[in-house]
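A short write-up of the structure that comes next.
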Amino acid sequence: MESFANQRGFPVIQRVIAVVRDNAASLSDIDGAIGDGDHGVNMSKGFGMAADRLTDASCSLSEGLAVIGSVLLTEIGGAMGPLYGTFFRAMARESRDAADIDARVFESMMQKAQESVVSLGNAQVGDKTMLDTLAAAVEAFRASRRDGLGFADALCVMMKAAEEGKDSTRELVARLGRSSRLGERSRGLLDAGAVSCWLILTAMGQSMMDLLV
Ligand code: ADP
Ligand code: MG
């Protein structure tokens with residue numbers, strides 16, 4: 001299939017919440033190496049609060065994304081509450097009126113998520129942030145569609161690019177956020193936000209592929 005019903009998208013929300021909670025400790029460890037070690041704790045707290053509010057399995061993809069976005073924006077501090085809050089709200093807004101989620105809708109969801117993260121945080125590719133993962137994923141998904149790939153294949157390409165974007169942060173020097181204070185010493189280690197963004201996009205991609213079969 002080339003689309004799935006927005007109304008049947010709750011498994012995507014559950015997978016995204018689960019991956020953040022399951023990886024809380026390692027995300028905080030990664031943040032601890034060049035930041036303050038709170039990334040996994042913060043994210044897991046926010047996604048846990050969202051899970052508590054999302055008990056109705058008939059909730060649509062867009063409704064679930066909106067709840068995650070609002071909780072992160074209003075309840076979670078640090079750099080990532082607002083940044084991921086705006087990311088999920090943009091995805092919710094962009095899909096809200098779509099009965100079916102197809103590659104065109106998902107492309108615009110990812111595009112808007114990227115735009116809102118950039119307009120809030122002013123990051124550029126290469127600054128060693130979540131944007132290094134996100135921008136690579138969005139560009140790969142767009143290019144796959146341009147090349148005529150179907151939704152599932154484009155999701156595969158997107159996930160691979162997200163992983164490469166995440167890995168690219170290892171050799172970068174942080175130019176934004178807390179870890180930028182380390183300068184050269186931030187080189188050689190992954191960025192925590194780039195890792196969480198890769199986990200989230202992979203959970204989305206895999207669970208969407210499950211809904212497409
Ligand atoms: P804090 O830096 O407040 O402790 P977190 O630890 O939750 O917040 O998140 C740190 C992550 O935030 C970094 O790994 C980086 O990916 C991301 N980040 C920081 N500043 C920005 C920004 N301006 N734009 C995009 N991402 C950013
Ligand atoms: Mg931190």
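Note that ligands are numbered from 1 as they come in the structure, with each ligand's atoms numbered from 1 the same way.
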Can you report which non-hydrogen protein atom sits closest to [atom], along with the distance?
atom                    : answer
atom 9 (O) of ligand 1  : Met80 CG, 2.9 Å
atom 23 (N) of ligand 1 : Gly121 O, 2.9 Å
atom 16 (O) of ligand 1 : Asp191 OD2, 2.5 Å
atom 2 (O) of ligand 1  : Arg178 NE, 3.5 Å
atom 20 (N) of ligand 1 : Gly177 CA, 3.9 Å
atom 19 (C) of ligand 1 : Ala79 CB, 3.8 Å

Kindly give the atom name of the N, O or S atom of Asp38 closest to the Mg ion (ligand 2).
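Of all N, O or S atoms belonging to Asp38, OD1 is the one nearest the Mg ion (ligand 2).
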Test salt bridge (charged side-chain N to carboxylate O under 4.0 Å, His left out) applied to Arg187 and Glu184, step by step
CA-CA 6 Å; Arg187 203 192 292 277; Glu184 269 299 325; 2.8 Å; yes
How does Asp36 reach ligand 1, by side chain, by backbone, by both or by neither, if only non-hydrogen atoms under 4.0 Å count?
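For Asp36, only side-chain atoms sit under 4.0 Å from ligand 1.
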Do any nitrogen or oxygen atoms of Val117 lie less than 3.5 angstrom from nitrogen or oxygen atoms of ligand 1?
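Val117 vs ligand 1: no N/O contact under 3.5 Å.
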Tell me which one of Gln114, Glu107, Glu115 satisfies side-chain hydrogen bond (donor to acceptor under 3.5 Å, both in side chains) with Gln111.
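For Gln111, the side-chain hydrogen bond (donor to acceptor under 3.5 Å, both in side chains) test succeeds with only one of Gln114, Glu107, Glu115, which is Glu115.
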Should Glu75 and Arg53 be marked as a salt bridge (charged side-chain N to carboxylate O under 4.0 Å, His left out) after you check the CA-CA gap, both sets of side-chain angles, and the distance that decides it?
CA-CA 13 Å; Glu75 318 261 0; Arg53 294 181 198 184; 3.1 Å; yes
Just which atoms of ligand 1 are under 4.0 Å from any heavy atom in [X]?
X      : value
Ala123 : 24 (N), 25 (C)
Gly78  : 3 (O)
Asp31  : 6 (O)

Evaluate the criterion salt bridge (charged side-chain N to carboxylate O under 4.0 Å, His left out) for residue pair Lys160 and Glu163; output intermediate values, then yes/no.
CA-CA 5 Å; Lys160 181 93 184 53; Glu163 183 172 14; 5.3 Å; no
When you draw lines from the Mg ion (ligand 2) to OD1 of Asp36 and to OD2 of Asp31, what angle lies between them, to the nearest 10°?
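Here the angle at the metal atom is close to 90°, to 10°.
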Hey, what's the ring geometry for Phe106 with Phe151, parallel, tilted or perpendicular (30° and 60° as the breaks)?
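Phe106 vs Phe151 ring planes: tilted.
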According to the interplanar angle, ranging from 0 to 90°, do the rings of Tyr84 and Phe88 count as parallel (below 30°), tilted (30 to 60°) or perpendicular (above 60°)?
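Tyr84 vs Phe88 ring planes: tilted.
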For atom 7 (O) of ligand 1, which candidate among Lys128, Gln124, His39 provides the closest heavy atom?
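Checking each option, the heavy atom nearest atom 7 (O) of ligand 1 is found in His39.
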From atom 27 (C) of ligand 1, work out which of Leu176, Leu83, Thr133 has a heavy atom at the shortest distance.
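Among Leu176, Leu83, Thr133, the closest heavy atom to atom 27 (C) of ligand 1 belongs to Leu83.
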For ligand 1, is there an atom lying under 4.0 Å from some heavy atom of Asn122?
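Under 4.0 Å: no for Asn122.
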Ignoring hydrogens and angles, tell me if any N or O in the side chain of Asn6 forms a donor-acceptor pair with the backbone of Ser60 under 3.5 Å.
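Pair absent, no side-chain N/O of Asn6 close to backbone of Ser60.
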Can you name the nearest heavy-atom pair linking Leu27 to Gly40, along with the distance?
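Heavy-atom minimum between the residues: CB-CA, 3.6 Å.
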Looking only at heavy atoms, what is the nearest atom pair of Leu176 and Ser180, with distance?
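In terms of heavy atoms, the two residues are closest at N-CB, 3.5 Å.
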Polar contact flag, side-chain donor to acceptor under 3.5 angstrom, Arg175-Gln124:
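Absent: no donor and acceptor within the cut-off.
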